Amino acid sequence: MEARFLGIAQLVDVPSAAVVVDVMRAFTVAAWAFGQGAERIVLAGSLDEALALKARHPHWVTLKDGPPAPGFDMVNSPGLLRRIDLGGRTVVQKTTAGTVGALAVKDASLVLCAGFVVAEATARMLRTHEGDGVTFVVTGEDGRAEEDLACAQYIALRASGEGTAGAAEFLRRAGRSRAAGELARGVRRGAHPDDAALCLELDRFPFAMVATVEDSLMVLRPHAVPSPSDEPSQDPTGG
Ligand SMILES: O=C(O)[C@H](CS(=O)(=O)O)OP(=O)(O)O
Ligand SMILES: [Mg+2]
């Protein structure tokens, strides 16, 4: 599998397959939202679009990064979100980096959104994808966010099937990133003290997250990817 790693501003063509990586915190939050029962996440292009969707669909749950704001029900924090029941709900998410990155590749034939919490399921999905290459969108810091780059490189390695990639060094790099430091120091608004640790949980969830355009909205949904150990035995004796 040929992999390239680009920041959002470096995306000049429509990739065939794209993995949009935002470890801290958009796609860790998205995975937790699905873990808490959300049916789908609409990735909004602007705060105004998120508010307009809320006005049309008052039962949808709006979420933004930064501090709490009128019209938004939640902030972009896995630590705060993990105790909220989102059973069957539609969430609207707007953040600085992650959702912008996903919308930048909306015309790709396959768009996966990822962080460490869904790394293995994402890699497994890439292994079954037939195509000539994968573009990893490193959403933070103009493509230089260490937590996103480390996660993208780890998923690429796992997807290539080249041996067993040890995760520890990739997680260490992410843990030393500027974003992790800001979360630890309480610099980022709308945060919980556990956020950085939750963003560094490897394979917390068994699903990948696939974004597609539905009725002109970019919609993210969980996609179950069975692990090899879940697959039925091929042993003809049934053993
Ligand atoms: O929520 C986040 O951590 C960031 C932006 S900020 O730190 O709140 O300004 O957004 P994301 O798009 O999830 O990187
Ligand atoms: Mg980020």
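Counting starts at 1 for both ligands and their atoms, in listed order. Because the structure is a prediction, the values reported are computed rather than measured.
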For atom 14 (O) of ligand 1, what is the nearest protein heavy atom, given as residue, atom name and distance? D22 OD2, 2.8 Å
Parallel, tilted or perpendicular for Y154 and F170, by the 30°/60° rule? tilted
Side chain or backbone, does R189 bring an N or O within less than 3.5 Å of an N or O on ligand 1? no
Using side-chain hydrogen bond (donor to acceptor under 3.5 Å, both in side chains) as the criterion, point out the one residue from R40, H59, E39 that pairs with T90. R40
Distance filter under 4.0 Å to R188 heavy atoms, resulting ligand 1 atoms: 2 (C), 3 (O), 4 (C), 5 (C), 7 (O)
For D73, is there an ion pair with K54 - N to carboxylate O distance below 4.0 angstrom? yes
Element-labelled atoms of ligand 1 that are located less than 4.0 Å from some non-hydrogen atom of R25: 1 (O), 2 (C), 3 (O), 8 (O), 11 (P), 13 (O), 14 (O)
Kindly indicate whether the side chain of F27, heavy atoms from C-beta on, has any atom under 4.5 Å from the side chain of V21. no
Could you check L198 against R25 for side chain to side chain contact (heavy atoms under 4.5 Å, CB included), going step by step and ending with a plain yes or no? CA-CA 9 Å; L198 290 168; R25 295 165 286 176; over 6 Å; no
Contact between G66 and ligand 1, counting heavy atoms under 4.0 Å? yes
Can you tell whether the side chains of K94 and E49 come within less than 4.0 Å, N to carboxylate O? no
Among all protein heavy atoms, pick the one closest to atom 12 (O) of ligand 1 and tell me residue, atom and distance. T95 OG1, 2.6 Å
Only heavy atoms count here, so choose which of T96, L63, N76 is nearest to atom 9 (O) of ligand 1. T96
In the protein, N/O/S atoms that are found under 2.8 Å from the Mg ion (ligand 2), waters not counted: D22 OD1, M24 O
Please list, in number order, the atoms of ligand 1 under 4.0 Å from a heavy atom of M24. 3 (O), 13 (O), 14 (O)
Would you mind checking which non-hydrogen protein atom is closest to atom 5 (C) of ligand 1, with the distance to 0.1 Å? D65 OD2, 3.1 Å
Ligand 1 N/O within reach of T99 N/O, cut-off under 3.5 Å: no
Let me check something: do L112 and W32 share a hydrophobic cluster, defined by ILVMFWY side-chain heavy atoms less than 4.5 Å apart, either directly or through other members? no
Could you walk me through whether D65 and Q93 pass the side-chain hydrogen bond (donor to acceptor under 3.5 Å, both in side chains) test, one step at a time? CA-CA 9 Å; D65 61 359; Q93 185 181 29; over 6 Å; no
Under the criterion salt bridge (Lys or Arg N to Asp or Glu O under 4.0 Å), I'd like the reasoning laid out for R4 against D13: C-alpha separation, chi angles, the key distance, then a yes or no. CA-CA 13 Å; R4 58 180 186 163; D13 52 13; 2.9 Å; yes
Does either side chain, that of R173 or that of Q153, offer a donor lying less than 3.5 Å from an acceptor on the other one? yes
Please tell me if the side chains of M74 and T62 come closer than 4.5 Å, counting only heavy atoms from C-beta onward. no
